[in-house]
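Here you go, one structure.
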Amino acid sequence: MSRRTALLGGAGLATAAGGLATPAIAQRAPIRLGGLTTLEGPFATGGQDAYRCVQMELERINSTVGGRRIEFIRESSNAQADVALARARKLIEQDNVDIILGPLSGAEGIALRDYSRTLTGRTIVNGSSGAADTTLRNPSPNFFRFSTDGTQWMAGLGNHVFRNMNIREVAVAAGDYAFPYAQVFGFNIEYCRAGGRVQHYWAPLGTTDFSAQIAQINRSNAGAIVVVHGGTDGLAFMTQYAQSGGNKPLIAGSIMADQTMLSARGPHRRVMVGMISAGPIADVIDDPTWREFVERYRRRWLNEGGFQSPSIHGVNYTTNLYGILHALREVDGDLSNNQQAFQRALANARITAPTGAAVRLDHNRQAISDIFLNRIEERDGRAQVVAFARAQQINQTLGTPEAQFLALGAPSRDNPGCVPAAS
């Protein structure tokens, strides 16, 4: 079932011609912001946190920007592209929203990218979806992404595993859909170029039994396992790996090393301590902007179902919301002329993410920002993701010239990015 909520805030006063103060809100219609995230299916926990963070930031500004009230209309998907598309159409055609913030998952993002191309005078700004091709290939002028993508999130990890951990062969256990393809591609480009060897084990989204794969991996020569699942799939894999007695070092995809995993009870938590990962956030980042954001999140949500630290999805939705709010301030809430000025303001925006990272967009309207290398450690009596290195201003092609990067082909299970070192 879809879910819909409007968050209404106050507004300032404007002076009428007769000198009497009248509410500006009465003179300017509200901005209708549609939210789309996954509240059903394997990523429901992350989707709930996305809406927590969005609500917290709208409350902070009293749901008002550029002198206009924001009405936030929520919709829910289930990580399936066709469902996300149907819910996005409902937001545009029935709820008459001006802007959509979302979606969460990779295939959903590509579907909404394509849908945005059919729209006039409406804008879609990404939520947390991380498929590379959403913006890298055939981008839409109506789709903007202030969060980095799944390939960017793995920057530095492959080199760290090969050069610093001295691991020469890994088993990659990953979901068989767009987002994990991007993550595996980003890891493999570095790892294989450095000389590493990779075995791939793919599983469809929604898999619950990984026992056969895990048995194969445990018998293999792999020196470590790179786990690129998330949500309930990631929890199932890690639980079954712990129960199998596996003892290979674990490397994590970005949505594995996250409070949506660490907050769940079970044997998986034992094997996750010490796990290395990369991504756009960590629980512990030495940055005052991040510390302030986490403190506000805890005050607002810790006693109402929130985590000890915001999830990756919550932070990504917030970063994209910041882009929307910045552009609305720049144009004083003006969405006329098919939102042309608003979209120019989006394209030119310079914002700071909740992590303290600077964010700007490239020519494809894709974020350039910072990526963290992380380790899960026991701190203050609980497992936390701790950043130990930070790569600044990583672009979508990982520093490779765009034409050369595009020539590698789109990430897929048949093109996982294992490019050997040049001879």
Side-chain angles (χ1 to χ4, degrees), residues 45-46 49 148 153-167 170 173 183 186-187 190-191 223-231 234-235 237-243 245-298 301-302 306-316 353-357 370-392 394:
T45 302
D49 203 53
T148 41
W153 294 353
M154 299 297 259
L157 188 59
N159 282 331
H160 179 80
V161 171
F162 188 87
R163 302 184 192 284
N164 297 89
M165 298 178 69
N166 200 33
I167 294 172
V170 299
Q183 289 253 282
F187 174 84
E190 289 185 354
Y191 186 72
I225 308 174
V226 182
V227 186
V228 190
H229 290 291
L235 182 60
F237 183 94
M238 295 299 288
T239 298
Q240 291 165 37
Y241 181 70
Q243 291 170 338
N247 57 8
K248 296 180 187 291
L250 293 172
I251 316 299
S254 302
I255 61 175
M256 283 292 302
D258 182 62
Q259 284 298 318
T260 55
M261 283 288 296
L262 293 178
S263 64
R265 298 183 180 276
H268 68 287
R269 292 164 67 167
R270 172 179 54 81
V271 296
M272 289 183 71
V273 174
M275 187 167 68
I276 302 297
S277 66
I281 73 162
D283 296 332
V284 180
I285 301 172
D286 186 16
D287 190 289
T289 301
W290 175 245
R291 289 194 293 270
E292 187 271 339
F293 183 80
V294 173
E295 288 169 5
R296 287 196 297 109
Y297 173 90
R298 287 177 178 165
W301 294 115
L302 194 55
F307 304 125
Q308 288 285 342
S309 184
S311 71
I312 189 171
H313 300 301
V315 171
N316 284 335
T355 58
D370 298 356
I371 303 299
F372 301 91
L373 285 180
N374 305 320
R375 180 183 295 107
I376 295 180
E377 302 178 6
E378 287 281 359
R379 290 195 177 189
D380 302 323
R382 59 188 178 88
Q384 299 188 63
V385 183
V386 180
F388 65 85
R390 179 174 184 153
Q392 295 185 328
I394 300 298

Looking at CD of Q259 and CD1 of I312, how far apart are the two atoms once the value is rounded to the nearest 0.5 Å?
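Separation between the atoms: 12.0 Å.
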
Looking only at heavy atoms, what is the nearest atom pair of A224 and I167, with distance?
CB-CD1, 3.6 Å

Point-to-point distance, once rounded to the nearest 0.5 Å, from CE of M261 to CZ of R269
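CZ of R269 is found 10.5 Å from CE of M261.
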
Output for pair (D287 CG, F372 CZ), nearest 0.5 Å, gives 7.0 Å

Non-hydrogen side-chain atoms of H313 and D49 separated by less than 4.5 Å
no

Heavy-atom pair with the smallest gap, counting every atom of L250 and Y241
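Minimum heavy-atom contact is CD2-CE2, 3.9 Å.
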
Answer yes when R291 and E295 have at least one side-chain N-carboxylate O distance shorter than 4.0 Å, and no when they do not.
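Salt bridge between R291 and E295, a charged N being under 4.0 Å from a carboxylate O: no.
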
Angle between ring planes, Y191 versus F162, binned at 30° and 60°: parallel, tilted or perpendicular?
perpendicular

Within the distance-only criterion (no hydrogens, no angle test), does the side chain of Q243 pair as donor or acceptor with the backbone N or O of P267 below 3.5 angstrom?
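Checked: no pair found.
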
Would you say that more than 12 heavy atoms from the other residues, nucleotides or ligands in this model lie under 6.0 Å from the CG of N164, or not?
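Enclosed.
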
If we only count heavy atoms from C-beta on, is the I255 to W153 side-chain gap below 4.5 Å?
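I255 vs W153: side chains touch.
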
If every non-hydrogen atom of R390 is compared with every non-hydrogen atom of T355, which pair is closest and at what distance?
NH2-O, 4.1 Å

N-O pairing of R379 and D283 below 4.0 Å
no

Any idea which heavy atoms bring P310 and V315 closest together, and the distance?
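For P310 and V315, the tightest heavy-atom pair comes out as CB-CG2, 4.0 Å.
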
Which atom names give the shortest non-hydrogen contact between G46 and S311, and what distance separates them?
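The pair with the smallest heavy-atom distance is O-OG, 4.3 Å.
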
Test item: F187 and V228 side chains (from C-beta on) under 4.5 Å apart, heavy atoms
no

Taking the side chain as every heavy atom from C-beta outward, state whether V170 and I251 have any atom pair closer than 4.5 Å.
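They are not in contact (no side-chain heavy atoms under 4.5 Å apart), so the answer is no.
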
Check the pair Q308, L262 against side chain to side chain contact (heavy atoms under 4.5 Å, CB included), reporting the backbone distance first and the verdict last.
CA-CA 10 Å; Q308 288 285 342; L262 293 178; over 6 Å; no

With rounding to the nearest 0.5 Å, note down the distance linking CD1 in I371 to CG in L157.
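So the gap between those two atoms works out to 11.0 Å.
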
G253 backbone acceptor or donor facing S277 side chain under 3.5 Å
no

Which atoms form the tightest heavy-atom contact between A387 and I285, and what is the distance?
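Residues A387 and I285, closest heavy atoms: CB-CG1, 4.3 Å.
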
Spacing of H160 atom NE2 and I276 atom CD1 [to the nearest 0.5 Å]:
4.5 Å

Spacing of F237 atom CZ and H229 atom NE2 [to the nearest 0.5 Å]
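Here the interatomic distance stands at 5.5 Å.
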
